Engineer: 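Have a look at this one.
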Number of protein chains: 2
Amino acid sequence: MPAAPAKAAPRATNAAAILDAANRLFCKKGFHGTSTREVAEAAGVSLGNIYNHFKGKEELFAALLERFEAEYFAPGQPMAQAFLDAPFPANIEAIGRASGQTVNKFADYILLIYVDVVEFQGRHIAKLFREMRVRYAKHVAKAGRGAVAPDVDPVAAMMMVTLSYFNYFTVEKLFGVKNHFGMGDEEAIKAFARIFRRGVER
Amino acid sequence: MPAAPAKAAPRATNAAAILDAANRLFCKKGFHGTSTREVAEAAGVSLGNIYNHFKGKEELFAALLERFEAEYFAPGQPMAQAFLDAPFPANIEAIGRASGQTVNKFADYILLIYVDVVEFQGRHIAKLFREMRVRYAKHVAKAGRGAVAPDVDPVAAMMMVTLSYFNYFTVEKLFGVKNHFGMGDEEAIKAFARIFRRGVER
DNA sequence: CCGGTATGAATGAACGACCGTTCATATTTA
DNA sequence: TAAATATGAACGGTCGTTCATTCATACCGG
C-alpha cells in the first residue's frame, strides 16, 4: 500500500481533529497553559494517539502555524484581492475592509503569533515579518503605481496603511475592546482613509 | 542576619526582588512556562517566601502589571512630554521619537500585556484599552487644537499616529525584526510624519 | 536597662495533582 | 498479514501551594 506522505498536511481525520483542538486550546490558554491530555480529550482521541501524528507538543504547535500560513497566503484571500482592487492609494478603504475581514477570519492565527512571541520568543514567525516588505513590494509591482505623491514611498505607505487597519481590528477583536477609537468600524475605516489620503493638516 | 543583597542590583526588599525575577522570566517564557521555583531561585529567595509576599502566582503577575502601569502613567514620561511638546499635529515627529523611547523602556510591559492577552484572555489589561480614547482626549484638551483640518477628529488622529509609531517599534523591538519597513527608525519616523501630515495622494 | 513575647519574614520538606512522553498491546485498514 | 492507527497505563519529573519551624526585630511593663 502507498506510504502516507509524512510531511504533508494531515489527511487522517483524527490528525485534523487534534490540530483543531490544539488550535482552540492554545488560543484560549497559551501553549504551556494547555496540556496534551486536554488536547486529546477535546479532540476525542486518546492521549498516546497524538504522538502517532505529531512528534511532540511543540511540533503540534508548529504544524498549526504552518497550516494557518498556507491558508493565509493562499490565493483568493481578501487582502490579496484588495491589493489588486485598484492601484494604491485608490484601494485604501478596500484595504481597511479586507483587514477587518482578515483579522476576524484569522483571529486564531494572529493569537498564535502572539503565543509564539510570548512563549517562544518569536522563533516560529520572525521570518514572516522579515519578509513583509518584499511581499508588499510584489503587490505594488503587480497593481502598478497609483496617484502617490512623488516624495512618498508607495511600498512603505501601503504597509503603513495596512498595518494601521490590522492593528485597529486586532485591538477590537483579540483584545476584546469595542470601539476603542470611539466610533464604529466602518466609520474608523473612513476616518483612517481620510487621513491617509490627504493628511491631518489644515 | 537580614538577607544581604549579594546580587549586583540593589534591591529594596525581597518582594521587589521577586517582582524583578518574575518580570524577567514571565517576559522570556510566559506565565505558564515559568515555575514558582524558577522565580524563587532567580530572586535569591526561598520558594515558600514568595507566598509571604504574594497570595499566589497569578497575584504576582497582576502585581507586576500594576507596578508597570503606575510607572507608565507617572508624570514626566516621554509620551506625555511629546503630547505637550506642541499642539498636534506639529508634534508628530516628537510622538514618533517618544514612541520609540517608550517601547524600548517599557518593552517588558508591552510583552506582559501580550502575555495577558494570550494566557488570560486580556483579563488584566482590557480596561487600559477601553479608556484609551478618554486619555488621549485629555491630552488634546490640554495642549489645544493645532492646525488640524476641520473634517479630521484630532483625538482619533492623534491616537492613530501614536499607535502607528507604537506598533512599528513593537515589531522592531519585541518581534526582533530589524528595519521591517526597509529603512532605519529615524527615517521611518519621518516617512510616517510626511504621510500623516499631508497624505499619500499626489 | 531588662527578660518576655507578639509579629512578620524566611526556609525547604512534603503533598497531591498534573506534566510530556513512551510503550506494550489491540484494532483497523489496505 | 503488514502497516498504520488507536489505546491508556505507567514512568520519571515538575507543578503550585501548604505548613511546621526558625529567625530577626519591635514593643512591652518594670
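Nothing here was measured: the structure is a model prediction, and the numbers come from that model. Chain identifiers are assigned alphabetically (A, B, ...) following the order of the sequence lines, protein sequences preceding nucleic acid strands; residue numbering begins at 1 within each chain.
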Engineer: Rounded to whole Å, please give me the gap between NE2 in B/H53 and C1' in C/dA10.
Structural biologist: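 Taking NE2 of B/H53 and C1' of C/dA10, I get 8 Å after rounding.
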Engineer: Does a nitrogen or oxygen in the side chain of B/N14 sit under 4.0 Å from OP1 or OP2 of C/dA10?
Structural biologist: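 Answer yes for this pair, as a side-chain N or O of B/N14 is under 4.0 Å from OP1 or OP2.
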Engineer: For B/R130, does its backbone N or O pair with a side-chain atom of A/K178 as donor and acceptor, under 3.5 Å?
Structural biologist: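 No; judged by distance alone, with no hydrogens or angles, the pair does not exist.
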Engineer: Looking only at the side chain of A/S46 (C-beta and beyond, no hydrogens), which of the listed nucleotides C/dT21, D/dG8, C/dT11 gets closest?
Structural biologist: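 Ranking C/dT21, D/dG8, C/dT11 by closest atom to the A/S46 side chain puts D/dG8 first.
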Engineer: Between D/dA20 atom C1' and B/Y51 atom OH, what is the distance in whole Å?
Structural biologist: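 Distance check: B/Y51 OH to D/dA20 C1' gives 17 Å.
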Engineer: Separation of A/K55 atom NZ from C/dG20 atom P, in whole Å?
Structural biologist: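 These atoms are roughly 17 Å apart.
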Engineer: How many Å lie between NZ on A/K57 and P on C/dT21, as a whole number?
Structural biologist: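 A/K57 atom NZ is separated from C/dT21 atom P by 8 Å.
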Engineer: Using whole Å, report how far CZ of B/F54 lies from C1' of D/dT18.
Structural biologist: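 The distance from CZ of B/F54 to C1' of D/dT18 comes to 18 Å, rounded to the nearest Å.
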Engineer: Is there side-chain contact between A/Y136 and A/V140, with heavy atoms separated by less than 4.5 Å?
Structural biologist: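 When only atoms from C-beta onward are counted, A/V140 and A/Y136 do not touch, as no gap falls below 4.5 Å.
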Engineer: Using only modelled atom types and a 3.5 angstrom limit, is any donor from either the side chain of B/N52 or the base of C/dA10 paired with an acceptor on the other?
Structural biologist: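 Yes, a donor-acceptor pair under 3.5 Å.
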Engineer: Rounded to whole Å, how long is the line connecting atom NE2 of A/H32 with atom C1' of D/dG13?
Structural biologist: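 Checked: the NE2 to C1' distance equals 15 Å.
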Engineer: For the pair A/K28 (side chain) and B/E119 (backbone), establish whether a donor and an acceptor sit closer than 3.5 Å, ignoring hydrogens and angles.
Structural biologist: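 Side chain of A/K28 to backbone of B/E119, a donor-acceptor pair under 3.5 Å: no, none is there.
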Engineer: Which nucleotide, C/dT21, C/dT11, D/dC15, lies nearest any side-chain atom of B/N49?
Structural biologist: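 For the B/N49 side chain, the nearest candidate turns out to be C/dT11.
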Engineer: D/dA10, D/dG16, D/dT5: which one has an atom nearest the side-chain heavy atoms of A/L47?
Structural biologist: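 Per side-chain heavy atoms of A/L47, the pick is D/dA10.
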Engineer: Reckon B/T36 touches a base, only the sugar-phosphate, or nothing at all at heavy-atom distances under 4.0 Å?
Structural biologist: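 Base contact.
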Engineer: Does a side-chain N-to-carboxylate-O contact under 4.0 Å join B/R194 and B/E93?
Structural biologist: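 Salt bridge: no.
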Engineer: Salt bridge between B/K190 and B/D185, side-chain N to carboxylate O under 4.0 Å?
Structural biologist: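 Salt bridge: no.
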Engineer: If I take atom CD in residue B/E38 and atom P in nucleotide C/dC19, what distance separates them, rounded to the nearest angstrom?
Structural biologist: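 Atom-to-atom, B/E38 to C/dC19, this comes out as 17 Å.
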Engineer: Does the distance from a Lys or Arg side-chain N to an Asp or Glu carboxylate O, for B/R123 and B/E58, drop under 4.0 Å?
Structural biologist: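 Salt bridge flag = yes for B/E58 with B/R123.
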Engineer: Using residues 81-92 of chain A as the side-chain source, report each donor-acceptor pair under 3.5 Å to any protein atom, sequence neighbours left out, with the distance given to one decimal.
Structural biologist:
from: A/N91; atom 1: ND2; to: A/A82; atom 2: O; distance (Å): 2.9
from: A/N91; atom 1: ND2; to: A/A86; atom 2: O; distance (Å): 3.2

Engineer: Would you kindly give the CD1-to-P distance between B/I50 and D/dC19, to the nearest whole Å?
Structural biologist: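 Nearest whole value for this atom pair: 17 Å.
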Engineer: Choose from D/dC11, D/dC15, D/dA6 the nucleotide whose nearest atom is closest to any side-chain atom of A/R37.
Structural biologist: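 Output: D/dC11.
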Engineer: Within less than 4.0 Å of OP1 or OP2 of C/dC19, is there a side-chain N or O belonging to A/S35?
Structural biologist: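 Answer yes for this pair, as a side-chain N or O of A/S35 is under 4.0 Å from OP1 or OP2.
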Engineer: Between the two end axes of the helix from C/dC1-D/dG30 to C/dA30-D/dT1, each built from 5 base pairs, what angle do you get to the nearest 10°?
Structural biologist: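 About 30° separates the two local helix axes.
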Engineer: Among the nucleotides C/dA14, C/dG20, C/dT11, which one has an atom lying closest to any side-chain atom of B/V45?
Structural biologist: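 So the nucleotide nearest the side chain must be C/dT11.
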